[in-house]
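Every number for a ligand or one of its atoms is a count from 1 in the order of the listing.
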Amino acid sequence: MSRQNPKVGFVSLGCPKALVDSERILTQLRVEGYDIVPTYDDADVVVVNTCGFIDAAVEESLDAIGEALAENGKVIVTGCLGAKADVIRQAHPDVLSISGPQDYTSVMNAVHAQLPPKHDPFLDLVPPQGLKLTPKHYAYLKISEGCNHRCSFCIIPSMRGDLVSRPVDQVLQEAEKLVKGGVRELLVISQDTSAYGVDMKYAEREWRGKSYRTRMTELCEGLAELKVWTRLHYVYPYPHVDEVVPLMAEGKLLPYLDIPFQHASPRILKLMKRPGAVDKVLARVKKWRAICPELTIRSTFIVGFPGETEEEFEELLDFLREAQLDRVGAFAYSPVEGAKANDLPDPVPDEIKEERLERFMEVQAEISSVRLGEKIGRRITVLVDSVDADGAVARSAADAPEIDGVVHVDNGQKLRPGQFAEVEVINADQHDLFARLPG
Ligand code: SF4
């Protein structure tokens, strides 16, 4: 690349879905001959991809924009917070342009206006799998945008719109390219993975000479052909989740389900506008485990939702004890500007929210330690993330990157990132496993 190439700085905030947006913009910038530079000083212009999910994320995004303006002065804003242009303009009137999530064209137009591209597109400047912000051996695979649900605590549908699925052949082609580029683990993401294809009436498409419907189960069947790890995130607890568990038992998909249950009290779930058949959820969890004993279930919960009584919170703890979920994240409810839940009566005082969060995490910590402890003495397959003098840090089928634990392999100095290895588990704590290469 010539030193004269126009230079863009990039700040990427937010969830994996925003990360995928960043990867697409970065790929397009490289296709058009822009250099991506790591410092404000070197950049001719800075793009900030924002998150607007909760108030803390809005603040972080506004701070990042402020920092970029102070350090560089030329700032293009995009992403979820971009849907609230007035909030950004009020805090930072000098930004060059504001666009919402997935609006790649507006970002590129703003970059062109500020910094015309020097070359015609040279497609060969970019690796065929595009540019990724994740390590070389795993990648997020975004299968749809938007969401048809209207959970009362969430403003994503108002920012990202209703569900729009990507046709299954496009997703499978992208997955194929990623695997050819060295990816060993595909992380399927969306707002609601189980709803995939509803908007397209599950349209049929062809890939590698075979017909697939644009639907979660068929997508998983296709991905299984690529013979790498496939992990499903954000699966809504609807009945057809049952269809993918047998695929997990057959080894076609990682035995891992990330299902945000959010609560267990039917009344609170109703206020949240989530499905409320808790007894059925427990029965289904049992059935899934009977079909696929290796299954890891991860979930997230909100404690202190408006109106949550002590009894309803206890119901949630009872659910946790009964369901014995493997991995759990929890948040004390925090109002999101524009969310319907803000109008609900009886907000829970902050100190009670915090106290409940602590009790919740205590119960779950015990469950997680017992479940991880049961793995001691077993042999498991891990995918290596990094290696240094102290050994390797890897993940098992039960560990999604960033959000779950890891497997420390203390004699794994000779392993390489992206390599699969068989290890023997020798110890566990609340989060992580400790293992050794046998022999
Ligand atoms: S399922 Fe609910 S929480 Fe998730 S994006 Fe859709 S509306 Fe928001």
Mind telling me whether Tyr34 and His112 have parallel, tilted or perpendicular rings, with 30° and 60° as the class edges? parallel
Looking just at side-chain N and O atoms, do Asp192 and Ser190 make a donor-acceptor pair shorter than 3.5 Å? no
How about Cys147: does one of its N, O or S atoms come closer than 2.8 Å to atom 6 (Fe) of ligand 1? yes
Between Phe153 and ligand 1, find which residue part has any heavy-atom pair under 4.0 Å and reply side chain, backbone, both or neither. side chain
So is Gln262 touching ligand 1 or not, going by heavy atoms under 4.0 Å? no
Restricting to non-hydrogen atoms, name the atom on Arg24 and the atom on Tyr104 that form the minimum distance, rounded to 0.1 Å. NH1-OH, 3.1 Å
Can you tell me how far CD1 of Ile143 sits from NZ of Lys17, rounded to the nearest 0.5 angstrom? 10.5 Å
What protein heavy atom sits nearest atom 7 (S) of ligand 1, and how far off is it? Cys151 N, 3.5 Å
Going by heavy-atom distance to atom 4 (Fe) of ligand 1, choose the closest among Met272, Gln191, His149. Gln191
Identify, by atom number and element, the atoms of ligand 1 in contact range of Pro157, meaning under 4.0 Å from any of its heavy atoms. 7 (S)
Counting from 1, what ligand 1 atoms have a heavy atom of Cys154 closer than 4.0 Å? 3 (S), 5 (S), 7 (S), 8 (Fe)
May I ask you to establish whether Arg231 and Tyr138 are in a cation-pi arrangement, using a distance under 6.0 Å from NZ or CZ to the six-membered ring centre and at most 45° from the ring axis? no
Check the pair Glu176, Trp207 against side-chain hydrogen bond (donor to acceptor under 3.5 Å, both in side chains), reporting the backbone distance first and the verdict last. CA-CA 10 Å; Glu176 198 171 13; Trp207 176 68; 3.0 Å; yes
Whether His149 and Tyr236 hold their rings parallel, tilted or perpendicular, with breakpoints at 30° and 60°: parallel
For Arg274, the atoms of ligand 1 under 4.0 Å from one of its heavy atoms are 1 (S), 2 (Fe), 3 (S)
Show which atoms of ligand 1 fall inside a sub-4.0 Å distance from at least one heavy-atom site of Tyr236. 1 (S)
